[in-house]
Amino acid sequence: MDPESLFQRTVNAEQKIEPRDWMPDAYRQTLIRQIAQHAHSEIIGMQPEGNWITRAPSLKRKAILMAKVQDEAGHGLYLYAAAETLGVTRDEMVGKLHEGKHKYSSIFNYPTVSWADIGAIGWLVDGAAITNQVMLTRCSYGPYARAMVRICKEESFHQRQGYEIMMTLCDGTEDQRAMAQDALDRWWWPSLMMFGPHDSESTHSEQSMAWKIKRVSNDDLRQQFVDMTVPQAEFLGLTIPDPDLRWNGQRGHYDFGEIDWEEFWDVVSGKGPMNRERLDQKVSAWEDNAWVREAATAHARKQRKSA
Amino acid sequence: MVYEAHGATDDSPVGDGEVGRSEWPLWEVFIRPRRGMSHIHAGSLHAPDSETALQNARDVYTRRMEGTSVWVVPSAAISASDPHDESLLASADDKPYRHPTFYEIPDEVGHM
C-alpha cells in the first residue's frame, strides 16, 4: 500500500498520526499553520486580561486572574511544543507572528474596557474556545489532541470563573448590572465570529474534515455555542443583543441573526481596534527581555565549562 | 519538504549554549503522577540547562499538583524506533503461546 493510502486508512480507522509517521506535506503544513495560530492566540490572549490584573476588584479576583493568565501562557507553550513535533522551530513561529505573517484569533483585537469584560471573556470567549477545543481533543494528530486534553481541563476553570464574575455583577447594583449587560453587548458578536466564516465560505474546512483535523463544521460549532449560552444569559437576567434570536422548536435549536461579516474581515485583515497595539506589545516584550535569554544562555555555558 | 522528528534522530550536541544562538535546546518532560506510578511523558519545552528545564517544567506542566516527581531529558538523547520498520516490534504476533489464554485448562481445576 502506498504511504498516502496507509495514512488515510489510519486516519479513517480513528487511529492517531504520530510525529514520525509518514504524512502528506499539505497535512503537515495545515497543522503547523493551525497549531501555531492557536498557540499565538493563547499568548496574545494574555494581554487583554493582563490589562486588569492590577485593577482587579479584590485580592481573590487578582489571584484568580493571575492564575488564568499563567494558564494561557502554559497553553501557548503546550501548543508550540506540539507544532514543533512537525518540524517547525519555535523561532520560526514566533518570528512569523512578530512579522505579521502568522495570525492569531481576532477576538483579542477587541479592548477590555471594564472589569465586566473579564467576566464576559471567561464566559463567552473561553466558552466558544472550549466548544472548538473539545472537538480538537479528537483531532487525528496525536500531539495536538493530547495538548487539547490538557487545555480543556484547565479552560473549564476559566469559563466558570468568568460566569461567576457575571453572576456577582448581576446580583449587584443597577450600575453593576448595566456593566455586565454592556460587556455582553460588546462581546457577543465577536464571540460568534470566533467560529470563523460560514461553511460555504471556509476555504480549509473540507480537506481538514477528511483528514479529521476538524471534526465539526464552523456553523455547527457556532450553533452548539448559541444553544448552550442563551439559557446561561437568561439565568443572569441579561439580554443577548440579537433581535432575531429565538427558539425554533422545529429545528430544536435557537435561530439567530447574521454576523456582520464586514467587521469580521476588517479585524482579520488588521483593522480591528487593537491589532497594532497587541502586536507591538508582543514584540517589545520579546525585545526588552532579550537580556534574560542571553543571561540564561551565558550562565548555562559557564556552568558547563566549570563542570 | 522532509522533516525529522524533533530530537529523536538529531545527534547534534545538546545546548552548545553560544550567546546569540537564538533557540535553547529541547527537553522532554516526564512526570510521576503519584507514588507507585512510573514517570509518564507530559510534553516538551526549551531551556538552556537542566536546572532551568526543571523549573520551567514545574511552571508549564505541574500548575495543579499533577505530579510528585519530574524528569527532564534532552530530546536529542532519545533514540527512537522507526515507525515504518514493522519488523522490530512485530515478532510477538506469531507467538500466541506467550499468552495465558493459549492454554486450555478444564474448569474443574479452578482459577489459574
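Every chain is numbered from 1, with letters handed out A, B, ... down the list of sequences.
Although no hydrogens or angles enter the test, the distance criterion places no donor-acceptor pair under 3.5 Å between the side chain of E23(B) and the main chain of T89(A). H84(B) places a side-chain N or O within 3.5 Å of a backbone atom of W22(A) that can act as its donor or acceptor partner.
Note on residues 101-112 of chain B: no pairs pass side chain to side chain donor-acceptor pair (under 3.5 Å), not counting sequence neighbours. Sorted by first then second residue, the ring-ring contact (aromatic ring centres under 6.0 Å, His included) pairs that include residues 45-65 of chain B, not counting sequence neighbours, are Y78(A)-Y61(B).
Residue E18(A) does not touch chain B at all, counting heavy-atom pairs closer than 4.5 Å. In this structure, no portion of R146(A) lies under 4.5 Å from any heavy atom of chain B.
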What verdict does the salt bridge (Lys or Arg N to Asp or Glu O under 4.0 Å) test give for R64(B) and D71(A), after you've listed the backbone C-alpha separation in whole Å, the side-chain angles of each residue and the deciding distance to 0.1 Å? CA-CA 10 Å; R64(B) 290 177 175 78; D71(A) 273 355; 2.5 Å; yes
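Rounding to the nearest 0.5 angstrom, the gap separating the CD atom in E51(B) from the NE2 atom in H299(A) is 5.5 Å.
Atom CD of E206(A) has 12 or fewer neighbouring heavy atoms from other residues, nucleotides or ligands inside a 6.0 Å radius. Counting heavy atoms of neighbouring residues, nucleotides and ligands inside a 6.0 Å radius, atom NZ of K96(A) does not exceed 12 of them. In R63(B), the CZ atom is crowded: over 12 heavy atoms of neighbouring residues, nucleotides or ligands sit closer than 6.0 Å. The number of heavy-atom neighbours closer than 6.0 Å to NZ of K305(A), taken from other residues, nucleotides and ligands shown, is 12 or below. Counting heavy-atom neighbours within 6.0 Å of Q303(A) CD, excluding the residue itself, gives a total above 12. Crowding of R160(A) atom CZ: a count of heavy atoms from other residues, nucleotides or ligands under 6.0 Å not exceeding 12.
Considering every non-hydrogen atom in both G74(A) and V60(B), the closest pair reads O-CG1, 4.5 Å. When all heavy atoms of E154(A) and E66(B) are compared, the closest pair comes out as OE2-OE2, 4.1 Å. The shortest non-hydrogen separation linking L26(B) to E84(A) is CD1-OE2, 4.1 Å. Of all the heavy atoms in S44(B) and A81(A), the pair that sits closest is OG-CB, 3.5 Å. Nearest approach of S81(B) to R20(A), heavy atoms of both residues: O-NH1, 2.7 Å.
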